[in-house]
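In what follows, every heavy atom counts, from backbone to side chain, and hydrogens, waters and symmetry copies are set aside. Chain identifiers are assigned alphabetically (A, B, ...) following the order of the sequence lines, protein sequences preceding nucleic acid strands; residue numbering begins at 1 within each chain.
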Amino acid sequence: MPRYNPATIEPKWQRYWEEHRTFAAPRLPKGEKLYVLDMFPYPSGNGLHVGHPEGQTATDITCRYQRMRGRCVLHPMGWDAFGLPAEQHAIRTGTPPRTTTQKNIDTFRRQEKMLGFSYDWDRELSTTDVNYFRWTQWIFLQLFDTWFDEAQQRGRPIAELPVPDDVRAAGESAVRRYQDEHRLAYQLEAPVNWCPELGTVLANEEVIGGLSERGGHPVVRIPLRQWMLRITAYADRLENDLAQVDWPESIKALQRNWIGRSVGAEVDFFIGSAADVGPNGKPAPAAFKAWRTERAAKGFPRTAGADVLRVFTTRPDTLYGATYMVIAPEHPFVERLTRPEQSAAVRAYCEQAARKSDLDRTELSKEKTGVFSGSYAANPANNRPVPIWVADYVLATYGTGAIMAVPAHDTRDFEFAKKFELPIVPVVDPGSSADIPRDEVLAGTTVYTGAGVAINSSSYDGTSTAEFKERITTALSQQGFGRRAVNYKLRDWLFSRQHFWGEPFPILHELDTDGHPTGAIRAVEESQLPVDLPEMPHFKPHGRPEPPLDEAPRDWLYPVIDGKRFKRETNTMPQWAGSCWYYLRFLDPKNQQAFIDSEIERAWMPVDLYIGGAEHAVLHLLYARFWHKLLFDRGLVSTAEPFRKLVNQGMILGEDGGKMSKARGNVVNPDDVVAEYGADALRLYEMFMGPLEATKPWSMEGVNGVRGFLDRVWRLITNERSETLELNAAVQPAELTGEQARVLHRTIRDVTGDIEKLSLNTAIAKMMEFTNFFTKETVRPREAMEKFVLVLSPFAPHLSEELWQVLGHGKTLAHEPWPTFDETAIKEDTIEVPVQINGKLRSRVTVPADASAAAIESAARAEPRVQELLAGKTIAKVIVPPNGRLINFIVRSEAPLVITSRDFQRAAEQRFTTAEFLLEHDRTLDALYLAGYAVECTLKALVMYLTPPATMNETFERLKSSAKMHYPEHLKEELKNLDCLLPIDLVKRLRRFEWSTNLRYESGRRPAGEVRGYLKTAAATIEWAKGEMQ
RNA sequence: GGCCGAGUGGCGGAAUAGGCAGACGCUCGGGACUUAAAAUCCCGUGGGGAGUAAUCCCCGUGCGGGUUCGAUUCCCGCCUCGGCCACCA
């Protein structure tokens, strides 16, 4: 009694694939290559999550399909295994992170294999393998050895960096320092986010609202020496090259947003030296004049001197409206600019700001705070002195850390100016428009941030905002006061972490004879790589920002090279490092000579399809692209972009519709699902849930549903009643009937198209339709069954392999050619064409598939029901769309309206309303006309009545005269009968009636069939209205 | 506050170069088989209405407008939900 039993079938085929190395990819592609990649998982202690197989099944289906299409497919899997949890586990239990990590990897590998993905397991790698991270270190050395040539917009070897003569003259160590300042990997003493709880420094991206992203612990800012990567140098290319990749627009937008390019101008405001400032804190006019003259002669300096406050603005056109300036509390000039009388207030403010966490700054954002420094700068546009304030709404880390404040045209400046009663001078006239209170803008009581026409701007008055920007930027640079400038939100990448469980930096710090660092650093020789992690005696945090590796054994920590003692860099790299290039290592994972063989790289790159979660939409993808561009610039890879096509899978929610989490108790474990329903059912369900990109809730009933489908497929082909595994008797070597062929070929065509579009949920629906059809067939031609099994195989590979074997095949179907379809077999002889009348579906006609528009029309006209509906009507127009999939008759009624006084009389005799009477005698059009007319009259009357100063009598007279103009004589009688004057709550009642019926009817667009429903309402309304009037 | 995305039956979702709304699945209801149950198979399942019936009609894709012979699809204006960023000058 062999029923479908995934518990035996699935391990059997997994073993087969492994033994036969069915999915091993060659060193170099044979034929057309396809590189399909999943974002490799972090092997957490919780094991695989149902979210992982979602994207992985999609890539697996693509791979299995493309293999059968003859593509040479590379599909690898590995582990992003450095990370904090293993280290924290080590601190708690003393278990070395490598041990924990290995155990987790083993669990993940078992689970991945359990799901039957067609990975080439020979290429498995982990970022924590020494053989892997030695090359991560090697790439870091490339970053260390590269500077960015702005002019050429590319990274070049540091040896090619032009060194200014004065630096060269100052000696070798000056040159080295100059080079170190220009490397893509450089050190910086910077305020960093120190999290005492985690014992580490975090990147800005890892801090959310003043708390650590992981664990939610408080974070404080302290200065510390850090490694930085100069990603900002690549900002423009990272943005521009988005144009050449096939990624979702939303992800591109996220990246652009993160890079945050904005175009504007830098402008210098003169502050002068102490000697240039008068007793009131304002620059002395003479000094300012001298400065202006000097600037006109020398131009705008590259770096701002001490005599100016440099600002960045995207609105140089509002320069005349800059009535004050603001500098960040961390700005280097704060102390200098603070006048004695303000120093207590400023110091208190800055101390308070320093204590504030990011969270506080965000939460207090509603209320602006700040303090006057006592000093002034000179506005270069109008030569007026403007006060300089210190406020934390200006960020030290963006632009120059100082702004010119234009309260009339910037919301934040406006709020600030209001609070501190600073002058507000409008310089942009918004012009008259309905939504903008122009008067208030011109009075300075409302902020306006849009474009307009310049005012209060000297000779620029009347200039449009866009033109003004251009002109003033040009003028400023001619005068030496400013220049065009571009700014980015993107900051350089803080690349060091104070963890043990990460890649050590291949960097040595030179020590003097006393064992103190000299400040000089050098790279570890390539030949000395890898720098492995030392055995650590313990993993206890020592509570200082220095990394755990500071406690490493001395022989590791203090190497001696050429008789000189060094100290190793003890920071380690962040988890992002390993994931920045793993897609390259998969191509050549065992190479001991190079990070990748360049022939192999050229042959397989780029990644053709990359699928993973949207949580990596910004950071991982930006970092990886950055590294890739560096490698590209250094001639180490052949493509400018690593990932040609990117797809983000959506999140899978718990059955309760919330995010899966232990706390909610709604986590679904793949092991359980596979044990109960099988891996094929899990795979199929995850694809059937909905579109890949959508967020979808899990449903066990849904899993059960697709399992039912697999059961039906099993019964379709095998004989479940037999003792042994054998074919169902209905499966015979028979010719396909026309309909069978149509179903088969349509299924092949649709599934093929859907896989190409990654529309996998609809692909499965098509296969279900196939199964539903053939289940009813008593003869199931073998050919159809075989082709169907091949089509199903990318989705449910285990079941398909088993059925393929039952169908008599000796080896795996993984490399069988993908079935082709025959368009002529799909074509039906006849098609059913919907017939619309006035846009409403009324009937269908069956016509030959190749029928012309004229043939469709005559067939439609011949249809009895259509004839009935068109009887007595004039066909104004017939529409048949080019594809011939529909016909629409546009008709106008020319049925004469024959409502006579006799009708009214007889209706009254039979105690009907006139409308009811007409309806009773099948004179629906007349009845509708009457009803609509009556309702319209009622409405008109209502409107007139409600319009003062009309009295009831006046209203009635007006109504009658209006009726005289538009309506036939005999209907006026009915109007009189209505005697209409209505109470207010008729409005509600009428609203429910679609009174436009009348108008539409008059224009002939309403089909007669629709009349009855309206009529009832209308008749009832009239009746009710009459009642009201008594 | 900014950017992006989404609103369709009891549920997950189909269908958009504008053309039969609700494919496929779940749920639920009915039936067949069975001593019975499970399993399986068949039928029905957006709401409302008319009819003994075959069948027919009306409404219906978040709300309000618009374009069109025809709008879930396109345009304008809102509402709601979700995601990301958030004082970026």
Within the sub-3.5 Å range, which N or O atoms of nucleotides 18-20 of chain B have a protein N or O partner, and how far apart are they?
from, atom 1, to, atom 2, distance (Å)
B:C20, O2, A:R844, NH1, 2.1
B:C20, O2, A:R844, NH2, 3.2
B:C20, N3, A:R844, NH1, 3.2

For [X], answer base if it contacts any base atom (sugar-phosphate contacts may also be present), sugar-phosphate if it contacts only those atoms, and nothing otherwise; contact means non-hydrogen atoms under 4.0 Å.
{"X": "A:T314", "answer": "sugar-phosphate"}
{"X": "A:K659", "answer": "nothing"}
{"X": "A:R707", "answer": "nothing"}
{"X": "A:R261", "answer": "nothing"}
{"X": "A:D413", "answer": "nothing"}
{"X": "A:S262", "answer": "sugar-phosphate"}

Query raised in the report: Ignoring hydrogens and angles, are the base of B:C24 and the side chain of A:K766 linked by a donor-acceptor pair under 3.5 Å?
Result: no
Could you list all N or O pairs between the protein and nucleotides 12-14 of chain B that sit under 3.5 Å apart?
from, atom 1, to, atom 2, distance (Å)
B:G12, O2', A:M689, O, 2.8
B:A14, OP1, A:N761, ND2, 3.0

Residue [X], side-chain heavy atoms: nucleotide from [options] that is nearest:
{"X": "A:R865", "options": "B:C41, B:C26, B:C57", "answer": "B:C57"}
{"X": "A:K840", "options": "B:C24, B:C84, B:C58", "answer": "B:C58"}
{"X": "A:E701", "options": "B:A89, B:U27, B:C42", "answer": "B:U27"}

Query - Side-chain N or O of A:R842 closer than 4.0 Å to phosphate OP1/OP2 of B:C57 - result: yes
**Report entry** B:G25 phosphate, OP1 or OP2, under 4.0 Å from A:N772 side-chain N/O
**Finding:**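 It does, given that an N or O in the side chain of A:N772 lies less than 4.0 Å from OP1 or OP2 of B:G25.
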Query raised in the report: Applying the side chain to side chain contact (heavy atoms under 4.5 Å, CB included) test to A:Q649, which of A:T57, A:L692, A:T695 qualifies?
Result: A:L692
What is the separation between atom [atom1] on [X] and atom [atom2] on [N], rounded to the nearest whole Å?
{"X": "A:K252", "N": "B:C85", "atom1": "NZ", "atom2": "C1'", "result": "20 Å"}
{"X": "A:R256", "N": "B:C84", "atom1": "CZ", "atom2": "C1'", "result": "16 Å"}
{"X": "A:I259", "N": "B:C3", "atom1": "CD1", "atom2": "P", "result": "18 Å"}

**Report entry** Nearest-nucleotide comparison on RNA chain B, the residue closer to the 5′ end among A:L254 and A:D410
**Finding:** A:L254
Query raised in the report: Of A:F312 and A:M768, whose nearest nucleotide on RNA chain B comes first from the 5' end?
Result: A:M768
Query - Rounded distance [0.5 Å steps], CZ in A:F468 versus OG1 in A:T473 - result: 9.5 Å
